[in-house]
Protein chains: 2
Amino acid sequence: MPRPRASRLDPERRQTLLAVAAEEFAEHGFDGASYNRILERAGFSKGVAYYYFEGKDDLYAAVLALTLDTLAQRFGAWQRPADADGFWRTLRERYFALTTHIVNDERSARLLRSMSQARTHPKLQEAWLRFEGPLVAWFQRVLADGRALGAVRGDVPESLLLTSLMGIGQATDGWLLEQWAHSGVPALQRGAEQVFSLFEDLLVPRPVGPPPAKRR
Amino acid sequence: MPRPRASRLDPERRQTLLAVAAEEFAEHGFDGASYNRILERAGFSKGVAYYYFEGKDDLYAAVLALTLDTLAQRFGAWQRPADADGFWRTLRERYFALTTHIVNDERSARLLRSMSQARTHPKLQEAWLRFEGPLVAWFQRVLADGRALGAVRGDVPESLLLTSLMGIGQATDGWLLEQWAHSGVPALQRGAEQVFSLFEDLLVPRPVGPPPAKRR
DNA sequence: GTCAGTATTGGACCAGTGGTCCAATCATCG
DNA sequence: CGATGATTGGACCACTGGTCCAATACTGAC
């Protein structure tokens, strides 16, 4: 957590510092980023830096908080749709908005991707808990709503579904970027379509009874 | 790549070094591990270390190679099953063997998990490429066989399927360990069962025609 | 205006990091 | 024996994140 006095820091200098830090962290990840370099580039001395922030991890957390706030504002809160169809429609809409956003703001995207390191990093445990909570809660609410509407399967623990969903989301995120880099925007849209269909296949309730006979 | 002379290093000392390094890397990951500490514990001076290995990354690669070799030996090569049923049976068998192995050899498991950092780490690119190749090839062969046997869907790019599968596998791996830590072996088996069913749901060919009407 | 007390600042300094380098030692062979 | 190349220890380097403190700027009370 940033020191309370951090709010008293000149907004402009604060803004500079966070921008420089965001760039550095996005470029090199948490471990790879050099705190000294950040401070030098932002024109901060060690004394000032440690006066306002507790350390490298604290600054990282501040940068992450800013990025996530922006993201949260952009996507707003989740509201329970009326029925299963509505559920999948809004979920799909959100997912496409997210992929578009990630492609358009690569710095934030790389920053967000660096979060996966944060989860296991001993010095970032505290920061991780602060962000994991809301994120997981959001997904949990979505899944719970989906179940209540019959749009999401109930035959498997919710925690497993959540884990799988986030794992697959993270993995395909990289895949989508590759598609985009190799074959441009149309491929990206096609790819997003296919990724989302995988989400559906994973979450949709299993048909009851014996598995359908192979057809063709 | 380890220097060629590395093979001339006294096997016993080499073994000591690799064991100490494995412990350190498993405990702290690549960045967190202290090369100096490893060398000190293993009784190596800087001079010797850099005489036989190119550096920290090289040693890490050596440790990883050893671990993966053991794993590969244990699981042997993949052979194309006769039919779709056989495909799922052998895949399932392999998966359960793997989860058992991971639970029984936590050091290796943590080491393998640290590989996910390696993928994005600039200093480990070379090492990653050396291990990514065979691993991905293995999965590709499995998926291709599955397709040929009609056991795996063909309506989605193979690369996407591969990415998703590995992503979900990695994510659920952590989930399984939690299950095990919280509720012991029976929960682990139940969990593995459910995880594997997710794999199936993801990979199995979609039924053709309109989605089945909701039944109950 | 003066002075006390606090907020702010710069930067010297610290232990630790991975990595380089080289003089000294050892082994081997002519 | 001497010479040549392999092997070794450890001093040293630039860098890391982090601590500390003396000097300065600012504030309000008198």
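These numbers were taken from a predicted model, which means no experiment stands behind them. All chains are named by letter (A, B, ...) in the order of the sequence lines, taking the proteins before the strands, and each is independently numbered beginning at 1.
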**Report entry** Sub-4.0 Å heavy-atom contacts from residues 28-39 of chain A onto DNA chain D, ordered by number
**Finding:** A:Ala33, A:Ser34, A:Tyr35, A:Asn36

Contacts under 3.5 angstrom, residues 157-169 of chain B side chains, donor-acceptor by atom type, not counting sequence neighbours:
{"unit_1": "B:Ser159", "atom_1": "OG", "unit_2": "A:Trp175", "atom_2": "NE1", "d": "3.0"}
{"unit_1": "B:Thr163", "atom_1": "OG1", "unit_2": "B:Ser159", "atom_2": "O", "d": "2.8"}
{"unit_1": "B:Ser164", "atom_1": "OG", "unit_2": "B:Leu160", "atom_2": "O", "d": "2.8"}

Query raised in the report: Rounded to whole angstrom units, what separation is found between the CG atom of B:Asp57 and the C1' atom of C:dT17?
Result: 14 Å

**Report entry** Partners meeting side-chain hydrogen bond (donor to acceptor under 3.5 Å, both in side chains) with B:Glu23 (sequence neighbours left out)
**Finding:** B:Arg107

Report task. Sequence neighbours left out, what passes ring-ring contact (aromatic ring centres under 6.0 Å, His included) with B:Phe131? Give chain and number order. Result -> none

Query - Non-neighbouring partners of A:Thr70 that pass side chain to side chain contact (heavy atoms under 4.5 Å, CB included), sequence neighbours left out - result: none

Query raised in the report: When the distance from CG of A:Leu124 to P of D:dG17 is rounded to whole Å, what number comes out?
Result: 13 Å

Query raised in the report: B:Asp10 has an atom CG; how far is it from atom C1' of D:dT8, in whole Å?
Result: 14 Å

Requested in this report: Take the protein atom CZ of B:Phe25 and the nucleotide atom C1' of C:dG18, then report the distance between them rounded to whole Å.
Outcome: 11 Å

Query raised in the report: Okay, side chain of A:Thr120, backbone of A:Gln117: is any donor-acceptor separation there less than 3.5 Å?
Result: yes

Query - side-chain hydrogen bond (donor to acceptor under 3.5 Å, both in side chains) partners for A:Lys46, two or more places apart - result: A:Asn36

Report summary line: Atom OH of A:Tyr60 and atom C1' of D:dG17 are separated, to the nearest Å, by 17 Å

Going by atom type alone, with no hydrogens or angles, which donor-acceptor pairs under 3.5 Å involve a side-chain atom of residues 137-146 of chain B and a protein atom two or more places apart or on another chain?
{"unit_1": "B:Asp145", "atom_1": "OD1", "unit_2": "B:Arg80", "atom_2": "NE", "d": "3.3"}
{"unit_1": "B:Asp145", "atom_1": "OD2", "unit_2": "B:Trp78", "atom_2": "NE1", "d": "2.9"}

Report task. Using atom NZ of B:Lys56 as one end and atom C1' of C:dG19 as the other, report the distance to the nearest whole Å. Result -> 12 Å

Query raised in the report: Between A:Lys123 and D:dG18, is there a side-chain N or O to OP1/OP2 distance below 4.0 Å?
Result: yes

Query raised in the report: Name the one of B:Glu40, B:Glu24, B:Lys56 that satisfies side chain to side chain contact (heavy atoms under 4.5 Å, CB included) with B:Tyr35?
Result: B:Lys56

Query raised in the report: Could you write nucleotides 5-10 of chain C as a row of B, S and -, 5' to 3', where a protein heavy atom under 4.0 Å of any base atom gives B, of only sugar-phosphate atoms gives S, and otherwise -?
Result: --SBBB

Report summary line: Those residues at least two apart in sequence (or on a different chain) that pass salt bridge (Lys or Arg N to Asp or Glu O under 4.0 Å) with B:Glu200 are none

Query raised in the report: Does A:Tyr50 have a side-chain nitrogen or oxygen under 4.0 Å from the phosphate oxygens OP1 or OP2 of D:dT19?
Result: no

Report summary line: Whole-Å distance, A:Asp58 CG to D:dG17 C1', equals 14 Å

